[in-house]
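In what follows, every chain begins at residue 1, and chains take the letters A, B, ... in the order their sequences are listed. Just so you know, these numbers come straight off a predicted model, no measurement behind them.
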Amino acid sequence: MNIQSKPPVAAQKLDAETRIVGHDHVHDSASRHVRGQAVYIDDMPDLPGTLHCAPVLSNVAHGKILNIDFDKARASEGVVDVLLASDIPGKNEVAPIFADEPFLAEGKVEHVGQIVGLVVADTLAHALQAARKVVVDIEELTPCFDEAEAFEAQSRTLPDQHLKRGDAQQAIEAAARRLTGRVKMGGQDHFYLEAHTAHAFPGEAGDMTVWSSTQHPTEVQVHVAMLLGVKSHKVDVKCRRMGGAFGGKESQATIIAGLAALAAHATGQPCRFRMRRDDDMAATGKRHGYTINYDVGFDETGRIHGLKVEALAHSGHVADLTGPVIARTLTHLDNCYHIEHADFLGFAAKTNTVSNTAFRGFGGPQGMVAIEAIIDDIARSLGRDAQDIRAANYYGAETGSETPYGQSVFVGDELAHDNPLRNVIERVTSNARWDEKRTQIEAFNAKRGVLRKGLAMMPVKFGISFNLTTLNQGGALVHVYMDGSVHLNHGGTEMGQGLNTKVAQVVAEVFGIPLGDVQITPSDTGKVPNTSATAASSGSDLNGMAAFNAASEIKARMLDVACEHFDAMPSDIDFRDGQVVCGDRSISFGTLAKYCWMKRISLSAEGFYATPKIHWDGKTMKGRPFFYFTYGAAVAEVVIDTLTGENRCLSVDIVQDCGKSLNPVIDLGQIEGAFVQGMGWLTCEELWWDEKGRLRTVGPSTYKIPGSRDVPPVFNVELLENRPNPEETVYRSKAVGEPPLMLSIAVWLALRDAVSSLSGHRLAAALDAPATPERVLFAVEDMKERAGELI
Amino acid sequence: MTEPIRFSLNGCAVEARCRADMTVLEWLRLEALLRGTKEGCAEGDCGACSVLLKRPDPRGRSAFQAANSCIMLMGQLDGASLVTVEGLAAMRTGAQSGHPVQLAMEENGSSQCGFCTPGIVSALAGLLDRQSGSEDADHTLAEDDIHDALAGNLCRCTGYRPIVEAACAAASQQIAPLPDHPVGSPNAVTGEDSSQMLHPATLDELLALLRQHTDATLLAGGTDISLDVAHARARWERVISTRNVTELRNISENADVLTLGAAVTWQEALPFVAEHWPSFATLIRRFGSTQIRSMGTVAGNLATSSPIGDGAPALLALGASLRLASSQDERTLPLDDFFLDYRKNALRPGEIIKAIHIPLTGSELDERRHAAFRVYKLSKRYDQDISTVCGAFSLAFEGDRVAGARIAFGGMAATPMRCTAAADALLGKPLDGATISAAKAAIAGTFKPMSDMRGSAAYRAMAAANLVDRLAHDLSGETVEVMAL
């Protein structure tokens, strides 16, 4: 085992010329994806006797459970069992942080869609039919659905978080100008194409194997063990791939996996639990909607002197991951701007809706929407371009370079010579031909037609690492077989992001063997234990480095044998193209492996990695939570219809800093996909509840994610070149999973710009998110009313 | 005698003994153990379950089309040919195995999580199959064609760019015919005794069966009612399919009227509609998706009598009428009189829609008289969404004055509805500011729309009225829709 205080990684190895890392390799499963041969959990073959589960969901938002009548369900065709909270042998507890969330409702229900019971039957259709026959008698209590209402009532799921620097109140009062305002943004369903799924196999002596579509096998393992009243070693959790996750399978997958295990335990038979889409959308958490109130003091140049923010997160009925989500909101409210006097309050509003959870960006996007709305409002109030206000506030020598939580933004000589923030902004405004576009748009709008255009730039600085330092660890297990082929296992999970491909590249690079000689295997708590969720964009940083360490250790042992074989020094020997080369002599990597075996040298190693340099005090909200920052910027051009509110993004230019990319084609896919997903959040995707608290957008017929025609017809993406990560990350790469999602805020800002153009940019648009046609039309009408004579 | 369901599966003749109301997706995954085809939503909206289906056609224009297997019933496969992602993977392209779309997507980074991929492969293979079989050999694939083909497929990972590019790359290649083994026309009764599908071949047979089996489910495309089966809310003992009834498959046209038989799908109707009303054709291209339009029928859309039913406002404005038939008699009913209340219509027990008649009015009557037809659909997403508001305007002008007007809306009341007050406000007047205001006021006075997940009452009221403004701008030649930029 490597010792974390003594990093085994020599920086020069990370900076070496690479043959496999840094090049385009398509997703390892691509050939099977396109042929329908990639096996997802629901595609696994059935063992004889396999049973199917269906959930019984509450149809009341808040109430006391008086009685559950399942006689009819039990008598229904094909039903084997009906399980309630009282059937749980261990703890009825699924919360990832606080102990506040049951697997199955007990005594009370707190949202429509809460799982009350589980029907187990011979077929899925029988289980679904029987589940509808369970009658849950509930005495209704008063519900709360709105985060502002919960704030008013001081009803919360966890203690407030407060990030402060200086004296914001005093700074605001002393400033020449002051604005107060409020911006609201909706949540977002993950809409992974593969709904939640688990398949549990009971073993002997209380063992349980669970295949779970999860980002967090260890959390599933821990909670299944607690649920069954056994220790963790009795439970093995595996996952080869997910059909999308986006944060939605970080904590929520545990619910489904736990219940499948409960059913398998109760019946002694293998049990599948695949959520139908409507149940999945009703019963599992989403991105947090937020209401954000602000009070800002600034001067005539637009420089912010003090900012107070109340960020009210729509937590739902329990905490789930709302605590760390809020922490990320508060640590990203600054985005790229130096705010000397900051007072950011995070409030977790308890509402009678499904508990919200992780979603790509994890609270960061909501904080950035708020600060960009503030910048926009300041710009309009001063009659200036928002770009000027941004420029007056960017982190830099003239403003300052320390975040409100005390981390220095720049590393090494970045501030003096190679400011990455300036780089992406200059590059993107040049690529997008900003000035030319602005002129064309003004000319278009001057025609005073039904359609109006808008333009905006969005800069993004995103902190990489889990806020909670402990979670920043990764593990890997590597075996080299006697023929030189390699078995790779690591603590991360594959949800489509290409993590397995990247980690395999790292291992192939270290050994100098073809990528195809590295076998990717399912994530498995029995191979790499005590893992963190594959989340926070950290998958390749943590697990890639752990695999690098494991492979390097084996390679060092093999090198000794090679030195002996060639009678040479280590520096004379090179591992490349499947060969071990020494001058003009060479043997294959497989031959060397065989020699190692013959000499009784271990060809297996585990690798471990703990991110260095980071620390965080959650109480004071100070420290260096992030190993590094990544940067990106986007320019978006939009058009709105002032009669109907219909809108469209016409073009986008993106520049994203990926450090020295491990795999440019995969990173490009992450950037494009994240942007479109974020654009969906801010435009067409709307969660809609009725007055009873029932989510009525529980399928793709009512919940509209972007389709192929919604993608901007001009969509230029550039990876910032020649920017190796100044920190020692795996081959100097940077994380890419979440940051580009926030580039899509450019679209929302451009929509605000288009609405504002109706007042000659004198007034800020009253436009919340998502900017559906309805919200855009109402913002247009509001603008017409306030602006009087339209431009 | 209940016969097994016979069809071609990936080029092999198959006889399936199963319930006729079993979904094709369920059969593929559970019975055939072909698990490449996925369930994403079980409501025909995400496309992960897409397969390729070719059904016999009386006009001999049979072609493979993408369809949603999650809401398609096994009985509907009778006599048809089905190709799944596994069938495409078994094709040869040069030295490689797989369809050119599969190879292009593999090489181009077009998949991330891969769950939507088999459905996308199927949708694009369908597009390219039609393309390569097209009589118009010079027709090159435009990006819009690809978006049309992908409108029924959601991808949450990629942002679509690499998928669209792969489609373009594959289009330039030689593409072999899709695997097929025609099995002949369907038997009269197929499935199993507890759930069978009846396939009458003539209208008389159909009407007799309806009289005989009053509890039977009448099925056209099934893109609406089969959701009940997909969600395990319903099981059907007896389903009567309209698909093979010769009279109902007819499309005919004379100088005065376009007639669409009740079993005509949206996809089949599209070229005929496009000839006369380009704006209606644009609406149809946004109606569901290729998958839905290849199964769903125009008559079925009217018979479900949804308050929105995108076809209805257009057909109301065009003055369509319905020919209704039962075993006793036939009658003609103006569409105006068809919708009675929320999901209620004027069909009597045992009565069906036989045909839809759409009167033809030339767009250029003479120098002074001309006609205009526009239908505007407002929704959160452009493709494959259900209208928040749909407004249809059929106007005749003499000089600059409105000489005739029919205006109808969907999404504004319990049924699709005409707005005669708005039409009256336009009559005899030029489309100027005062006339537009009067028509808008008439719309506001006519409708009391509701609030739901698609839009608030206030939005519906304002946007519907604003469509009159749009109409005026549109007719004056201004670009009025964001998608036109």
Any donor-acceptor pair under 3.5 Å from Ser69(B) side chain to Cys49(B) backbone:
yes
Quick check on Thr644(A) against chain B: is it the side chain, the backbone, both or neither that has a heavy atom closer than 4.5 Å?
both
Can you tell which part of Leu124(A) gets under 4.5 Å to a heavy atom of chain B, answering side chain, backbone, both or neither?
neither
Rounded to the nearest 0.5 Å, what's the gap from NE2 on His473(B) to CD1 on Ile436(B)? Could you check?
7.0 Å
Measuring heavy-atom distances to chain B, does Asp690(A) have an atom under 4.5 Å in its side chain, in its backbone, in both, or in neither?
neither
Does any heavy atom of chain B fall under 4.5 Å from the side chain of Asp43(A), the backbone, both, or neither of them?
both
So which residue, Ser111(B), Pro118(B), Ser110(B), ends up with the most heavy-atom pairs under 4.5 Å with chain A?
Ser111(B)
Engaged part of Val34(A) at the chain B interface, taking heavy atoms whose separation is under 4.5 Å
both
Below 4.5 Å from any heavy atom of chain B, which atoms of Leu650(A) appear? Answer side chain, backbone, both or neither.
side chain
What part of Leu128(A) is in contact with chain B, defined as an atom under 4.5 angstrom from a non-hydrogen atom: side chain, backbone, both or neither?
side chain
Looking at Tyr376(B), does the NZ or CZ of Arg470(B) lie under 6.0 angstrom from its six-membered ring centre and within 45 degrees of the ring axis?
yes
Can you tell me which portion of Gln670(A) sits under 4.5 Å from chain B's heavy atoms? Options are side chain, backbone, both or neither.
both
So what's closer than 4.5 Å to chain B heavy atoms on Lys453(A): side chain, backbone, both or neither?
side chain
Residues passing the ring-ring contact (aromatic ring centres under 6.0 Å, His included) test with Phe778(A), sequence neighbours excluded, are none
Who among Met242(A), Met679(A), Glu686(A), Met281(A) has the most heavy-atom pairs with chain B under 4.5 Å?
Glu686(A)
Please work out which of the three classes, parallel, tilted or perpendicular, describes the rings of His33(A) and Tyr40(A), given edges at 30° and 60°.
parallel
Could you tell me which portion of Val711(A) (side chain, backbone, both or neither) has an atom closer than 4.5 angstrom to a non-hydrogen atom of chain B?
side chain
Measuring only between side-chain heavy atoms, which start at C-beta, is Ser97(B) closer than 4.5 Å to Arg92(B)?
yes
Where does Met275(A) contact chain B at under 4.5 Å (heavy atoms): side chain, backbone, both or neither?
neither
Hey, what's the ring geometry for His196(A) with Tyr192(A), parallel, tilted or perpendicular (30° and 60° as the breaks)?
perpendicular
Which region of Ala195(A), side chain (C-beta onward) or backbone (N, CA, C, O), has a non-hydrogen atom less than 4.5 Å from a non-hydrogen atom of chain B, or is it both or neither?
neither
Part of Ala464(B) within contact of chain A (heavy atom distance under 4.5 Å)
neither
One option among Asp24(A), Val26(A), Ile666(A) has the most heavy-atom pairs under 4.5 Å with chain B, and it is Val26(A)
If one checks every heavy atom of Pro770(A) against chain B at 4.5 Å, the contacting part turns out to be neither
Of Arg460(B), Lys38(B), Met105(B), Glu481(B), the largest count of non-hydrogen pairs under 4.5 angstrom with chain A goes to Lys38(B)
Which one of Glu107(B), Glu26(B), Arg29(B) has the most heavy-atom pairs closer than 4.5 Å to chain A?
Arg29(B)
Sort Val676(A) into side chain, backbone, both or neither according to what part of it lies under 4.5 angstrom from a heavy atom of chain B.
side chain
What's the spacing between Gln102(B) CD and Arg35(A) CZ if we round to 0.5 Å?
6.0 Å
Between Met462(B), Arg454(B), Gln384(B), the one whose heavy-atom pairs under 4.5 Å with chain A are most numerous:
Met462(B)
Provide the full list of salt bridge (Lys or Arg N to Asp or Glu O under 4.0 Å) pairs with a residue in residues 698-709 of chain A, sequence neighbours left out, each pair given once.
Lys704(A)-Asp45(B), Lys704(A)-Asp385(B), Arg709(A)-Asp144(B), Arg709(A)-Asp148(B), Arg709(A)-Asp383(B)
I want to check something: taking the side chain as every heavy atom from C-beta on, are His25(A) and Val665(A) in contact at a cut-off of under 4.5 Å?
no
Does the side chain of Phe115(B) come within less than 4.5 Å of Cys46(B)'s, by heavy atoms?
no
When Val101(B), Thr158(B), Leu150(B), Val164(B) are compared by non-hydrogen pairs under 4.5 Å with chain A, the top option
Thr158(B)
Residue among Ala232(B), Gly152(B), Gly109(B), Ser451(B) with most heavy-atom pairs under 4.5 Å to chain A:
Ala232(B)
Just so I know, are the side chains of Met495(A) and Gln215(A) near enough to count as touching, which here means a heavy-atom distance under 4.5 Å?
yes
Arg274(A) versus Glu39(B): any side-chain heavy-atom pair under 4.5 Å?
yes
